[in-house]
Asks: 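Please see the structure below; I have some questions.
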There are 2 protein chains.
Amino acid sequence: MQANPQHNQLLVKHNLKITTPRLSVLAVLTTREMATSQPDLEQLLGSKIDRVTLYRTLSTFEEKGILHKVMGANGTLNYALCSSACTQHQHHDQHVHFNCTLCLNVYCLDKLQIPQLQIPDGFTTKKIDLMVSGVCDKCNNAYSK
Amino acid sequence: MQANPQHNQLLVKHNLKITTPRLSVLAVLTTREMATSQPDLEQLLGSKIDRVTLYRTLSTFEEKGILHKVMGANGTLNYALCSSACTQHQHHDQHVHFNCTLCLNVYCLDKLQIPQLQIPDGFTTKKIDLMVSGVCDKCNNAYSK
DNA sequence: TTAAGTGCAAAATCTTTGCAAATGT
DNA sequence: ACATTTGCAAAGATTTTGCACTTAA
C-alpha cells in the first residue's frame, strides 16, 4: 500500500494502527467523491480485504468520526468520509446529501448550508442531516439527450 | 377488528383489500405519534400478524405512499404514517424528523417547513428529508430534574 | 368465483462473534 | 514483546421466496 501521509495521519490522530485494510478503505473512499454502500465498497476493494474486516473497519471509523453513514433512498446504507472540517474538533454537525433515484448515487453537498430551523421547545439539537432526493445532473443529461 | 372508517377508506383509495393484518398495522401506527421500527411493530402487534406479512404490509404501504421510512441514528429503519397531506394527491415531498439519541424515538415534525435550498445546477429535486438529532423534551426534562 | 392476501417452511442475505494467527508499534 | 487487528469459520439475525390455504369483493 503506497503511503498517503494524510491517511496515516488521520489514523494516528484517532489512535488507530496503520494497517493495509484501513488504508485501502480510505483510499477507495477518497477516490469516490460520493457516499458508497457497504456492498459497493466490498466490490471495489475486491479480495483485498475480508468482509468481516470491512464491517469492523467501517464501524471503527464511524465511532471515531472518520466517516458518517447516510441512508440511501432504497434503504441501503452508504458511507462517506467526513469533510475535513469534520475531523478537526469533534464532528461536523451538518450533512447535506443528494440521492439520485436513477443512478442511486449519494452525493455529498457539504458546501450547502442548512438554513436555521425552528425546533420545538424543549428539544436540543446536536446534528442535522438533510437528504434531497431527485435526479442528478449526469442522469438528467443522459435522458435529455 | 373494530372498523375505523378512516383506515378502511385509506386502503380502498389505494386499491388494497381491507384485511385484518393491514388494519392492525394502521391501528398501531396511528396510536403512536412517532415513527416505529419494524422490530417494535412486530412486538406491538404480538402474534396478531406473521412476521412475513408484516414485511409485506410495510413494503406495500410504502409503495402506495401510505407510510414512509425514516432512518434512525443507530441505523434502524423506522416507519411512520404519512401525514394527511401526504396521502392526498401523490406524496408529500418534505419530511422533518427528530431523532432523540437517548430514548431513540423518532418524532415526526411535519409541521416544520423546510426552508428553500440552493441545489446545484442540473439537479432535480423530488423529495427532501431532514433529520435532526439531539435530545427530546421528555429526556431533557428527565435529566434536568 | 377468483384474484389478492396470508401464513408457514425454507432459502438467501446480511451482520456479529469467537478465536488463533498475523501485524504494527 | 505485547496489544491491536485481521481472517476464517461458524453462529445469529434479518429479509426474501415459494406455495398451498384463506379471505375479501
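Keep in mind that what you see is a predicted model, and the values were worked out from it rather than measured. Letters go in sequence order (proteins before strands), and every chain restarts at 1.
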Asks: Taking only residues two or more places apart in sequence or in another chain, which ones pass salt bridge (charged side-chain N to carboxylate O under 4.0 Å, His left out) with B:Arg51?
Replies: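 Testing B:Arg51 for salt bridge (charged side-chain N to carboxylate O under 4.0 Å, His left out), a comparison that skips the adjacent residues, returns B:Glu42.
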
Asks: With sequence neighbours excluded, what pairs up with A:Ser59 under the side chain to side chain contact (heavy atoms under 4.5 Å, CB included) test?
Replies: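 For A:Ser59 there are no side chain to side chain contact (heavy atoms under 4.5 Å, CB included) partners, ignoring immediate neighbours.
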
Asks: For the helix from C:dT1-D:dA25 to C:dT25-D:dA1, figure out the bend between the end axes, five pairs an end, and round to 10 degrees.
Replies: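 Comparing the axis at each end, I get an angle of 40°.
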
Asks: Sequence neighbours excluded, which residues qualify as side chain to side chain contact (heavy atoms under 4.5 Å, CB included) partners of B:Cys108?
Replies: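 In terms of side chain to side chain contact (heavy atoms under 4.5 Å, CB included), with neighbours along the sequence ignored, B:Cys108 is linked to B:Ala80, B:His97, B:Asp110.
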
Asks: Using the test ring pair (Phe, Tyr, Trp, His ring centres under 6.0 Å), find all partners of B:Tyr79 that sit at least two apart in sequence or belong to another chain.
Replies: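 Per chain and number, B:Tyr79 pairs via ring pair (Phe, Tyr, Trp, His ring centres under 6.0 Å) with no residue.
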
Asks: List in chain and number order the residues that pass side chain to side chain contact (heavy atoms under 4.5 Å, CB included) with B:Asp50, two or more places apart in sequence or in another chain; answer none if no residue qualifies.
Replies: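 With sequence neighbours excluded, B:Asp50 shows a side chain to side chain contact (heavy atoms under 4.5 Å, CB included) to B:Val52, B:Thr53, given in chain and number order.
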
Asks: Strictly under 4.0 angstrom, non-hydrogen atoms only: write out the protein contact profile of nucleotides 4-10 of chain C, one letter per nucleotide from the 5' end, B, S or -.
Replies: SSSBBB-

Asks: Rounded to whole angstroms, how far apart are CG on A:Leu23 and C1' on C:dG24?
Replies: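 So the two atoms are 12 Å apart, to the nearest Å.
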
Asks: Walking along DNA chain D from 5' to 3', note the first and the last nucleotide with an atom under 4.0 Å from a heavy atom of chain A, and give both.
Replies: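 The contact span of chain A on DNA chain D goes from D:dA3 to D:dA9.
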
Asks: Output all residues satisfying side-chain hydrogen bond (donor to acceptor under 3.5 Å, both in side chains) with A:Ser37, sequence neighbours left out; order by chain, then residue number.
Replies: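 A:Asp40.
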
Asks: Nearest nucleotide by nearest heavy atom, which residue falls closer to the 5' end of DNA chain C, A:Pro39 or A:Ile18?
Replies: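 So the residue in question is A:Pro39.
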
Asks: Which residues pass the side-chain hydrogen bond (donor to acceptor under 3.5 Å, both in side chains) test with A:Arg56, sequence neighbours left out?
Replies: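 A:Arg56 satisfies side-chain hydrogen bond (donor to acceptor under 3.5 Å, both in side chains) with no other residue.
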
Asks: Considering residues at least two apart in sequence or located in another chain, which fulfil the side-chain hydrogen bond (donor to acceptor under 3.5 Å, both in side chains) criterion with B:Thr57?
Replies: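 Here no residue qualifies.
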
Asks: Taking B:Asp129 for its side chain and B:Val96 for its backbone only, find out whether a donor-acceptor pair lies under 3.5 Å.
Replies: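 Side chain of B:Asp129 to backbone of B:Val96, a donor-acceptor pair under 3.5 Å: no, none is there.
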
Asks: Please name all residues satisfying side-chain hydrogen bond (donor to acceptor under 3.5 Å, both in side chains) with A:Thr60, sequence neighbours left out, ordered by chain then number.
Replies: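 With sequence neighbours excluded, A:Thr60 shows a side-chain hydrogen bond (donor to acceptor under 3.5 Å, both in side chains) to no residue whatsoever.
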
